[in-house]
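All figures in this text were calculated on a predicted structure; none of them were measured in a lab.
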Amino acid sequence: MIKLTTYRMRTVMLTVLMTVTSYAAAQCGYCKTFEDLLADRWVPLDSVNVDRHSKNRQFWVGGNDYALSTGNTLTDKILKEDAFAVMQGKKLYVNSRRLRYQKTRFTKGFTRAMHLGHDTLIFVNQTIGAAATNKVASTGVMFGAVGGLLAAGNNMHRRICYIISGAKDKKGNMEIEMVDDSLMEKVLKDRPALKEEYYSEPEKSFRILASHIVPILKKAGLLSPAMRKEER
């Protein structure tokens with residue numbers, strides 16, 4: 001009787017483990033275009049290994065801080081050169097290879113992204129382009145806690161938010177937008193309390209920093225991780 005119980009317990013545990021493993025594998029994949037991402041057209045992957053370039057353990061500090069691999073040389077080349085986004089569970093990583101802001105590119109690598117509504121992606125990264133550089137203070141700033149979504153880093157005073165909404169340049173690169181007062185006005189038009197909180201920072205150059213914007217968007221319930229259509 002004891003042996004039977006032990007056997008049955010092992011069987012149940014093995015079944016659960018296989019189910020969890022299958023679910024995790026089913027949630028890994030890549031897509032080659034922004035349109036594929038919106039349409040939920042993913043090429044499945046058995047697994048995705050995520051390696052951070054830096055030692056920071058912040059949830060979403062921005063920057064092209066991630067290197068992704070699968071253990072398959074051919075697949076890894078596709079991810080690096082052709083993939084637009086990679087999904088690992090409910091985490092979404094966007095390839096910065098073809099992202100452009102004011103015709104300026106980011107360094108190579110993957111950056112964490114989230115959904116802002118249903119048809120837009122938002123990510124945090126370094127300031128690039130002349131206009132962005134002029135709008136963001138270049139001196140050190142002290143930041144408070146932001147509930148785990150963003151933690152202050154050495155370069156956090158340079159981090160701002162960008163959105164991807166599908167616009168492309170003549171070469172097929174994704175033209176991204178910086179999140180500023182104009183965009184926040186649209187996003188918070190029906191949320192007066194959060195709009196007031198946003199403008200509680202009097203300095204525009206500090207107001208557009210990711211450390212100020214992201215917590216407000218989180219309070220508004222506008223940020224969501226990578227999800228399949230049936231989960232939305």
Fill in the blank from the handout: side-chain contact (heavy atoms from CB on, under 4.5 Å) filter on Thr70, not counting sequence neighbours, yields Leu45, Asn72, Thr75, Asp76, Leu79
Completion exercise
Residue set satisfying side chain to side chain donor-acceptor pair (under 3.5 Å) with Arg97, at least two apart, ordered chain then number -> none
Exercise for the section: Name all pairs fulfilling the ring-ring contact (aromatic ring centres under 6.0 Å, His included) condition that reach into residues 165-194, sequence neighbours left out, sorted by first residue then second. Expected result: none
Handout entry: Lys/Arg-Asp/Glu bridge criterion (N-O < 4.0 Å) met for Arg207, Asp181
Key = yes
Handout entry: Pairs flagged by ring-ring contact (aromatic ring centres under 6.0 Å, His included) wherever residues 76-98 is involved - sequence neighbours left out
Key = Phe34-Phe84, Tyr66-Tyr93
Handout entry: Lys168: salt bridge (charged side-chain N to carboxylate O under 4.0 Å, His left out) partners, not counting sequence neighbours
Key = Glu35
Problem - side-chain contact (heavy atoms from CB on, under 4.5 Å) partners of Glu177, counting only residues at least two apart - result: Ile163, Ser165, Leu183
Handout entry: Residue list, salt bridge (charged side-chain N to carboxylate O under 4.0 Å, His left out) with Asp36, at least two apart or on another chain
Key = Arg41
Handout entry: side chain to side chain donor-acceptor pair (under 3.5 Å) partners for Asp119, two or more places apart
Key = none
Completion exercise
Those residues at least two apart in sequence (or on a different chain) that pass side chain to side chain donor-acceptor pair (under 3.5 Å) with Lys219 are Glu197
Handout entry: Partners meeting side chain to side chain donor-acceptor pair (under 3.5 Å) with Asn49 (sequence neighbours left out)
Key = none
Practice task
Sequence neighbours left out, what passes side-chain contact (heavy atoms from CB on, under 4.5 Å) with Arg98? Give chain and number order.
Solution key: Asn173
Practice task
Sequence neighbours left out, what pairs pass salt bridge (Lys or Arg N to Asp or Glu O under 4.0 Å) with at least one residue falling in residues 182-195?
Solution key: Glu185-Lys195
